[in-house]
Structure formats: C-alpha cells, structure tokens
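Input: a single structure, listed below in structure tokens.
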Amino acid sequence: MKANDYEVTMDALVSLCKRRGFIFQTSEIYGGINGFWDYGPLGVEMKRNIKACWWKSMTQLREDIVGLDSSIIMHPRVWEASGHVGNFKDPMLDCRETKGRYRADQIFVLKHKTDDSALMFAYHENAPAPAEKKIKKVAKGDAADYAEVALLDIPLDAYDKLVGPDTNEPGTLTEPRAFNLMFKTYVGPVEESSNVAYLRPETAQGIFAQFGNVCSTVRNKVPFGIAQIGKAFRNEINPRNYTFRSREFEQMELEFFIKPGTDAEQHEYWVTERLKWYEKVGLPEGRMHRDIHEGDALAHYASACTDIMYDFPFGTQELEGIAARGNFDLTQHQETSGKKLEYHDEETKERYIPHVIEPSAGVDRIALALLCEAYREEWINKETGEISTAEVGAKRAPEGHEARTVLAFSPCIAPYKVAVLPLVKNKEPLVAKAREVYEQLSKRWKCFYDQTGAVGRRYRRQDEIGTPLCVTVDFETIEEDNAVTIRDRDTMKQIRLPIAELEAYISNIVDF
RNA sequence: GCGGGCGUAGUUCAAUGGUAGAACCCCAGCCUUCCAAGCUGGUUACGACAGUUCGAAUCUGUUCGCCCGCUCCA
C-alpha cells in the first residue's frame with residue numbers, strides 16, 4: 001500500500017477526532033497556539049493504551065529492562081554534555097528571490113582563489129555541479145580558479161557578491177540566523193542568565209544521567225535496558241500535519257546497554273523487535289518501512305540508524321528512530337560530570353563504558369498513525385448486510401446501502417473495550433441487568449454504558465469510536481438463559497454467550 | 001520564518017453593507033424485542049482586536065489559527 005491509496009482524507013479524520021473527543025486544538029477558546037494539542041476523553045484513553053502496551057512489552061514481559069521517570073528540567077550541563085546547547089540549533093538563511101530556505105551548514109561556496117571582488121557561487125553540499133556551470137555562464141570564468149569554502153566562513157559584507165544555490169543573481173541571500181530549538185526557562189523567580197534551564201528536547205538524557213544510580217540499585221547485567229516515557233519539547237520552526245510535528249510531544253525511549261562489538265546484531269534485533277510491536281498494536285507490515293541511514297545522514301558517533309516509517313495520508317513519515325549510538329552519550333556525561341559511568345563485567349573482569357541501542361518512538365505520531373490506519377468508511381447493503389469499502393470521495397451511499405464510519409482499532413488500543421446496552425430502556429429489568437453487567441466489566445476494562453435511542457444507532461456510535469465489542473442485554477437474558485449477545489465491530493456479527501463466560505471471552509480479545 | 005489559500009453552530013453548507021438560516025450530530029420526552037426508524041421540544045456559530053459606516057459575517061488593517069509549497073523532524 002502506498003500513502004495515496006488511503007480512503008481517508010486528513011480532513012475527515014481531523015473532523016472525527018474533534019467530534020468524538022480524540023484531539024482538540026489546545027486552548028482553543030483563545031484561538032489556539034501553533035504546535036500544541038490536547039487529547040480529549042477518548043484520545044487520552046487511546047494514548048494511555050499505546051503507552052501501556054509499550055511499557056508492558058518493555059518492562060513486564062522481559063526481565064532485562066527496568067523503567068525510569070526522570071524530570072523534565074535537568075541540570076543545564078546535561079545539555080552541554082549531550083551537545084544540545086552547542087548543536088541543537090540550525091542556522092538558516094533564505095533566498096529573497098526564490099523564497100527557498102537553506103540550512104547554512106549544508107551550503108558551500110565556490111570562491112575565486114585570488115580575486116576577492118569576483119562573484120561567489122553557493123551550492124548544496126556535495127552537489128557543486130550547478131555552481132561550476134554558473135562560473136562558466138555567469139562569471140565567464142574557469143572552475144579551476146575557484147576553491148570550496150563553507151558558507152558560514154563567508155563574511156556578511158560579502159553576501160552582495162554571493163549567488164544563491166537556485167538563482168543566477170547575486171545578493172539574494174539573507175544572513176544566516178540561529179534557531180535554538182530548546183525551550184528556555186529560569187529556575188527560581190529571578191530571571192537572570194545564571195538561572196537558565198531548558199525543557200528537555202528528548203527523554204534519553206535523563207536515562208544516561210541516571211545510568212550510575214540505576215546500575216548500582218538493580219544489579220542488572222549487560223545487556224540490559226532502561227525505559228522511559230515522558231514529555232519532551234522542541235521549538236520547531238514550523239509544526240505541520242496535524243499532531244505529527246508538535247512543539248510539546250511525548251516520547252517512549254529505551255536505552256539498551258550492550259557489550260561493545262555487539263552493536264550491529266543488537267541493532268538489527270531491536271529493529272525487528274519494534275516492527276513486531278507495531279504490527280501487534282495495529283500497523284500492518286504493508287504500510288511500515290525501514291529507512292536505513294547511511295553516510296552523511298548518520299550522526300558521527302552512530303554506527304547505525306534505522307527509522308521506522310509509516311505511510312501517512314500526507315506521506316511516508318518517521319514514527320521511531322533506532323540508533324546504535326556507541327558509547328557517545330555516557331562518555332560525554334562522564335567527561336562533563338567527572339563521574340565514572342563504567343560498567344564492571346563480573347564474568348570477564350573487564351571495566352568498560354557500554355554501548356547503547358536507542359529505540360526512540362513518538363507517542364503522538366503512533367497515535368496519529370493508528371487513527372489513520374483505523375479510519376474507514378463502509379457501505380452496508382440493507383438487504384444482505386454485506387459490508388463493502390466506500391468509494392473514495394463519494395458523498396452518499398448508493399441506493400439500497402447505508403454508510404458506516406468505523407475506527408477499526410486493534411482491541412488493545414481502543415479507548416473503550418466494551419459497550420453494554422440494554423435492548424430497550426423503558427423496561428426496568430433489562431436496564432437493571434445491563435447496569436449489573438456494566439459494573440462487573442468496568443472493574444476490569446474501560447466500558448461504555450448506553451441506553452439512548454435505538455440499539456442500531458448505539459452500535460454505530462460505538463463503531464465510530466472504535467469499541468471492539470458490544471454486549472446487549474435482551475429479554476431472553478432475564479427471562480430464559482442469563483446470556484447476552486456480543487456484537488463484533490468489524491463483522492457486525494453476533495454470538496450469544498452466558499454472562500458467566502463473558503470476562504474470559506473479552507479478555508482473550510482485548511488484553512495486550 | 002517566507003510565499004499562496006482559507007476562517008459562519010460539534011460537522012457540512014447558506015445568507016445583496018440592513019432580523020445570522022438549514023441539514024446531520026447532540027440533549028430531553030414519547031415510542032421502540034438487534035444495526036444511524038418515527039413524533040415533539042431544546043442547546044449551540046460569524047477566530048480575535050481595531051478602523052470605515054447611521055449600520056459590518058460582508059469593506060480595510062493588524063493579529064491568531066488551519067491547509068498547501070519551501071524548510072525541518074521524535
């Protein structure tokens with residue numbers, strides 16, 4: 001499947017998310033603020049389910065990973081050690097003519113070796129060919145007389161002789177401006193530079209900074225991991241695509257510490273492991289891809305990095321990055337803090353700084369992917385009950401059919417697991433029995449009780465919020481068999497089941 | 001941040017500078033023995049702030065937000 005094979009438009013999805021209470025614009029009554037979103041009553045349940053599935057798969061179903069919850073504001077030197085204070089900013093410049101925008105560190109310049117008054121030609125890193133052509137065409141010169149210089153080494157007062165990468169005119173480039181992507185604040189009531197602190201731009205550094213304490217308390221042996229879920233903040237230049245790129249977002253990060261030399265096999269292991277998890281929560285193999293970083297795309301300290309990509313309606317985008325970061329982070333913290341962050345291997349009697357594999361996932365992106373994946377519009381034949389996929393862009397169902405909107409979540413992700421419905425509401429014994437069943441099931445799962453309107457309408461309401469199972473109490477329940485019907489969201493088929501067997505049946509379907 | 005487009009009930013759409021309407025949704029009541037039935041009633045909107053005008057949803061400016069392209073990224 002490709003991104004453009006979707007029946008979903010983002011508009012339809014955004015509309016449903018608002019109407020049913022998944023996602024709201026933050027502080028909407030004041031006009032909202034770009035890059036921040038709130039999760040409504042259904043969204044928060046869904047998001048908690050995503051995190052719970054991850055947390056369970058990491059810290060409960062395996063013995064070699066422990067959890068951590070570190071603070072959002074940490075000592076500023078953490079960010080010096082990690083390189084965020086120095087490097088987490090991208091100087092950018094614009095071309096006034098073409099309206100293009102470039103990262104200054106990715107632009108290089110061909111400059112005449114002897115003649116400072118000659119025009120200079122900018123080009124994209126590793127792609128000097130267009131600039132060489134312009135030397136011939138525009139300056140009537142010879143490329144051999146020119147030398148490569150980084151754009152950032154060109155003095156600002158020489159910009160009027162600089163020809164942009166995508167133009168033939170000099171003087172169209174603006175000066176590079178730095179964008180620090182970290183949110184800054186002050187610790188204590190006095191706003192002075194000595195009090196500056198940052199909201200964390202990733203949760204990972206909290207794990208590295210507590211590496212020593214965790215090691216000395218839980219007696220773990222390499223390889224082992226520390227997992228953390230939490231908010232992170234980045235002052236993105238331009239948030240876009242609904243919640244996909246937000247300024248406040250939630251991460252699920254694992255730092256898996258390994259013996260140096262096992263990096264490649266452990267990296268591959270975690271990529272495979274994580275793809276299995278995505279399939280389990282409802283993202284099919286056909287829409288998932290690996291984007292393997294190579295060469296310049298790889299950070300200098302990393303030996304491997306694979307992004308796990310999903311085909312969104314707006315394009316194929318990253319959900320998670322899995323990086324083999326060597327021992328860069330722990331080494332940096334050891335040097336900056338002066339505290340030893342070594343691991344003592346009891347078996348080999350060696351001391352070393354472990355290497356690390358970092359699967360780092362964005363919760364909000366996964367939530368958005370799951371919503372895109374789950375959303376479908378269907379047509380139901382009124383006579384036969386046959387379900388077919390609705391035609392793209394059709395406003396109405398064809399004659400003899402009715403439309404149905406479904407969020408076909410994996411049951412472990414669905415905000416509500418079960419809806420309990422009395423067949424009608426004006427017969428007290430039915431209502432009483434339904435309440436009893438509802439209260440029993442609510443002890444184990446998030447359930448929904450609804451007695452309003454016709455039962456068919458109530459089923460459709462549950463379809464639209466993705467509830468996998470509907471339990472209906474009818475007259476037979478109280479008069480004959482103490483059994484209920486269970487209706488499946490996807491097939492709309494019903495079976496009859498004794499109330500005594502209900503919990504086991506539901507558990508089998510909805511528990512992760 | 002740059003360029004373009006767009007802001008009217010929860011949603012989808014109306015309204016010539018002159019009383020803001022509809023459908024669906026939602027809520028209440030009646031009715032209802034399994035897939036959005038029906039009847040009655042009800043709540044809810046001109047993104048914000050200025051300006052022009054006797055009078056602004058409508059014209060102008062500013063701002064905020066959304067969408068698209070550039071850019072960027074978990």
Side-chain angles (χ1 to χ4, degrees), chain A residues 9-12 14-21 24-36 40 88 90 92-103 106 166 174 177 179 181 201-204 231-242 244-253 307-308 314 317-323 358-366 380 382 385 387 395 397 402-405 421-427 430 451-464 470 472-479 484-485 487 489 492-494 496:
Chain A
T9 63
M10 286 308 288
D11 286 350
V14 169
S15 168
L16 177 82
C17 283
K18 181 167 187 191
R19 182 156 40 90
R20 291 304 190 183
F24 305 127
Q25 197 176 28
T26 197
S27 38
E28 196 194 66
I29 58 169
Y30 292 102
I33 173 167
N34 195 358
F36 298 90
F88 210 80
D90 305 316
M92 311 271 284
L93 68 161
D94 299 314
C95 176
R96 295 186 191 91
E97 188 187 306
T98 65
K99 308 300 177 194
R101 162 162 292 195
Y102 315 99
R103 258 179 64 176
Q106 293 176 350
D166 301 303
T174 63
R177 284 168 295 183
F179 296 79
L181 300 186
E202 61 174 41
T203 57
K231 288 277 180 105
F233 304 82
R234 290 186 195 178
N235 223 338
E236 293 291 344
I237 296 164
N238 189 5
R240 206 48 89 73
N241 287 328
Y242 200 28
F244 183 79
R245 181 171 304 114
S246 303
R247 291 186 162 125
E248 174 176 341
F249 57 100
E250 203 157 15
Q251 291 185 308
M252 304 190 290
E253 291 194 304
D307 285 346
I308 294 182
F314 47 81
Q317 301 278 357
E318 179 184 355
L319 296 181
E320 171 164 350
I322 301 172
E358 178 187 271
S360 168
V363 183
D364 310 85
R365 291 179 171 193
I366 295 169
I380 298 160
K382 285 184 189 171
I387 302 171
K395 291 273 181 201
E402 56 191 6
R404 174 171 96 127
T405 304
L421 321 167
L423 188 56
V424 295
K425 75 168 171 186
N426 60 352
K427 299 289 186 292
L430 278 190
Q451 60 176 33
T452 312
V455 72
R457 173 185 292 272
R458 284 178 268 157
Y459 286 145
R460 295 303 168 78
R461 242 183 233 151
Q462 296 305 319
D463 291 341
E464 212 175 60
C470 290
T472 303
V473 172
D474 58 22
F475 289 88
E476 282 174 66
T477 312
I478 50 174
E479 289 164 4
V484 291
T485 60
R487 180 238 190 212
R489 177 195 63 204
M492 297 171 69
K493 296 270 184 345
Q494 298 186 20
R496 195 158 189 89

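Labels below follow one simple rule: chain letters A, B, ... track the order of the sequence lines, proteins then strands, and each chain is numbered from 1. Hydrogens, waters and symmetry mates are skipped; everything else that's a heavy atom, side chains included, is used.
Distance CG (A:L16) to C1' (B:C25): 12 Å, rounded to an integer number of Å. Rounded to a whole Å, the CG atom of A:D463 is 18 Å from the P atom of B:C34. Taking atom CD1 of A:I387 as the reference point, atom C1' of B:A36 lies 15 Å away to the nearest angstrom. Rounded to whole Å, atom P of B:G29 lies 9 Å from atom CD of A:Q451. Here the P atom of nucleotide B:C73 and the CD atom of A:E202 are 14 Å apart, to the nearest Å. Distance A:E318 CD to B:A74 P: 5 Å, rounded to the nearest Å.
Minimum atom distance to the side chain of A:N426 is reached by B:U32, of the listed B:C67, B:U32, B:C25. Out of B:C35, B:A74, B:C26, the shortest distance to the side chain of A:R487 is found at B:C35. Closest to the side chain of A:V424, from the set B:U33, B:G10, B:C34, is B:U33. Checking B:C35, B:C73, B:G65 against every side-chain atom of A:N34, the shortest atom distance belongs to B:G65. Side-chain atoms of A:N241 lie closest to B:C68 of the nucleotides B:C34, B:A37, B:C68. When distances are taken from the side chain of A:R365 to each of B:G10, B:C34, B:C73, the shortest belongs to B:C73.
Across B:U52 and B:U40, the matching P atoms stand 49 Å from one another, rounded to whole Å. On the C1' atoms, B:C49 is 10 Å away from B:C64, given to the nearest whole Å. One P atom belongs to B:A50, the other to B:G17, and the distance between them is 24 Å to the nearest Å.
If you check distances only, the side chain of A:R234 never reaches the base of B:C72 with a donor-acceptor pair under 3.5 Å.
Between A:Y242 and A:C17, some side-chain heavy-atom pair lies under the 4.5 Å cut-off.
The partner of B:U19 cannot be assigned: no Watson-Crick or G-U wobble pair with both contacts below 3.5 Å exists in any strand.
For the pair A:E250 (side chain) and A:V363 (backbone), a donor-acceptor distance under 3.5 Å is absent.
Looking at A:R487, A:R458, A:R489 one by one, the single match for side chain to side chain donor-acceptor pair (under 3.5 Å) with A:D463 turns out to be A:R487.
Distances shown here put every side-chain N or O of A:K425 at or beyond 4.0 Å from the OP1 or OP2 atom of B:U32.
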Audit row: A:K231, A:E248, side-chain contact (heavy atoms from CB on, under 4.5 Å) steps and yes/no:
CA-CA 7 Å; A:K231 288 277 180 105; A:E248 174 176 341; 2.7 Å; yes

